[in-house]
Amino acid sequence: SRVHAFDIDRAKSAAFRTEMTERHGVEVVVEPDAATAISAAGIVALATTASRPLAPAAAFRPGTHVNAVGAHTPATREMDSDTVAGARLFVESRQAILAEAGDVMIPLGEGRFAASHILGELGDVAAGTVPGRTGGDEVTVFKSTGVAVEDVVAARQVYEAALARGAGIIVDM
């Protein structure tokens, strides 16, 4: 019903607010900083090129779910060590996360937790073999590095949905 957004480029925030309000009729509140936006939201989408954490762990209120899809190099991160250590952590690929994601690699290197802190991959949760949220106050985190096979599967689903609706234009190459 409401989106709290922040971008370091205020013009982009304003354009996002206008577009989302017009397209979806949803109220978009542009916040003055990332911590304010995070603390107001129940679902947080982090899709940045940040090199340092955007907000302290205290900004993530109990029950928040975080989709962290940006900052995917070993030396960069969007979340601080306290946030990741205190959350139920899920990933798309353990192998990719442990090789590329500073959000996990940095606190792991600090000794904040072991690799077993990763409770499962997205497929495990989707298949029901690993529980996702087990309590209403838990902070859950899904950390992604962008595994290409997921993009291919998503593109296929979009393509099939477009065909079924008669949407789009077929281009001969």
Side-chain angles (χ1 to χ4, degrees), residues 1-9 12-13 16 29-155 157:
S1 63
R2 180 179 303 127
V3 173
H4 296 268
F6 170 74
D7 192 303
I8 57 173
D9 183 331
K12 287 183 181 178
S13 291
F16 176 79
V29 179
V30 175
E31 300 293 2
D33 55 62
T36 303
I38 289 167
S39 66
I43 300 172
V44 174
L46 301 176
T48 74
T49 57
S51 59
R52 297 184 318 261
L54 300 169
F60 297 85
R61 67 183 191 200
T64 298
H65 174 71
V66 182
N67 289 314
V69 302
H72 46 67
T73 69
T76 62
R77 60 185 176 163
E78 299 172 301
M79 299 172 289
D80 69 5
S81 296
D82 290 339
T83 300
V84 181
R88 288 183 56 80
L89 177 61
F90 303 92
V91 300
E92 66 187 343
S93 162
R94 285 178 192 270
Q95 181 180 0
I97 293 299
L98 294 172
E100 301 175 30
D103 279 312
V104 175
M105 294 174 69
I106 293 169
L108 187 63
E110 295 169 344
R112 298 297 307 275
F113 51 75
S116 61
H117 184 62
I118 299 171
L119 298 174
E121 295 181 348
L122 183 59
D124 300 325
V125 177
T129 59
V130 172
R133 181 178 305 283
T134 59
D137 286 344
E138 294 173 331
V139 172
T140 55
V141 169
F142 170 66
K143 178 61 187 168
S144 169
T145 57
V147 175
V149 70
E150 291 176 351
D151 297 335
V152 172
V153 170
Q157 290 178 333

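Computed from heavy atoms alone, side chains included, the values below leave out hydrogens, waters and symmetry copies.
For the pair L108 and L98, the minimum side-chain heavy-atom distance is below 4.5 Å. Using a 4.5 Å heavy-atom threshold, the side chains of F113 and V104 count as touching. In this structure the side chain of F142 reaches within 4.5 angstrom of the side chain of L122, judged on heavy atoms.
Pairs passing the side-chain hydrogen bond (donor to acceptor under 3.5 Å, both in side chains) check and including a residue from residues 99-118, sequence neighbours excluded, read S81-E110, D82-R112, D103-K143.
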Evaluate the side chain to side chain contact (heavy atoms under 4.5 Å, CB included) criterion for residues L119 and V125: first the C-alpha distance (whole Å), next the side-chain angles of each, then the deciding distance (0.1 Å), finally the verdict. CA-CA 9 Å; L119 298 174; V125 177; over 6 Å; no

Between F16 and V3, is a side chain to side chain contact (heavy atoms under 4.5 Å, CB included) present by the stated rule, with each step listed? CA-CA 10 Å; F16 176 79; V3 173; 4.1 Å; yes

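Nearest heavy atom pair, residue A59 against residue I38, reads O-CG2, 3.5 Å. In plain terms, the two heavy atoms of A5 and A37 that are nearest each other are C-CB, 4.3 Å. Minimum heavy-atom separation, A50 to A71: O-CB, 3.3 Å. Closest approach of T140 and H65 over heavy atoms only: OG1-ND1, 2.6 Å. In plain terms, the two heavy atoms of R61 and G42 that are nearest each other are NH2-N, 3.5 Å.
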Could you list the donor-acceptor pairs under 3.5 angstrom formed by side chains in residues 83-91, with sequence neighbours left out?
{"from": "T83", "atom 1": "OG1", "to": "D80", "atom 2": "OD1", "distance (Å)": "2.6"}
{"from": "R88", "atom 1": "NE", "to": "G132", "atom 2": "O", "distance (Å)": "2.8"}
{"from": "R88", "atom 1": "NH2", "to": "P131", "atom 2": "O", "distance (Å)": "2.9"}
{"from": "R88", "atom 1": "NH2", "to": "G132", "atom 2": "O", "distance (Å)": "2.9"}

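Distance alone, capped at 3.5 Å, is enough to place a donor-acceptor pair between the E92 side chain and the T145 backbone. S13 contributes a side-chain N or O that, together with a main-chain N or O of D7, makes up a donor-acceptor pair within less than 3.5 Å.
Between the CD1 atom in I43 and the CG atom in N67 there is a gap of 8.0 Å [rounded to 0.5 Å]. Considering CD1 of I97 and CE of M105, their distance stands at 10.0 Å, rounded to 0.5 Å. Rounded to the nearest 0.5 angstrom, T64 OG1 and D137 CG are separated by 10.0 Å. The distance from the CD atom of E31 to the OG atom of S39 is 7.5 Å, given to the nearest 0.5 Å. In this structure, M79 CE and I106 CD1 are separated by 10.5 Å, a value rounded to the nearest 0.5 Å.
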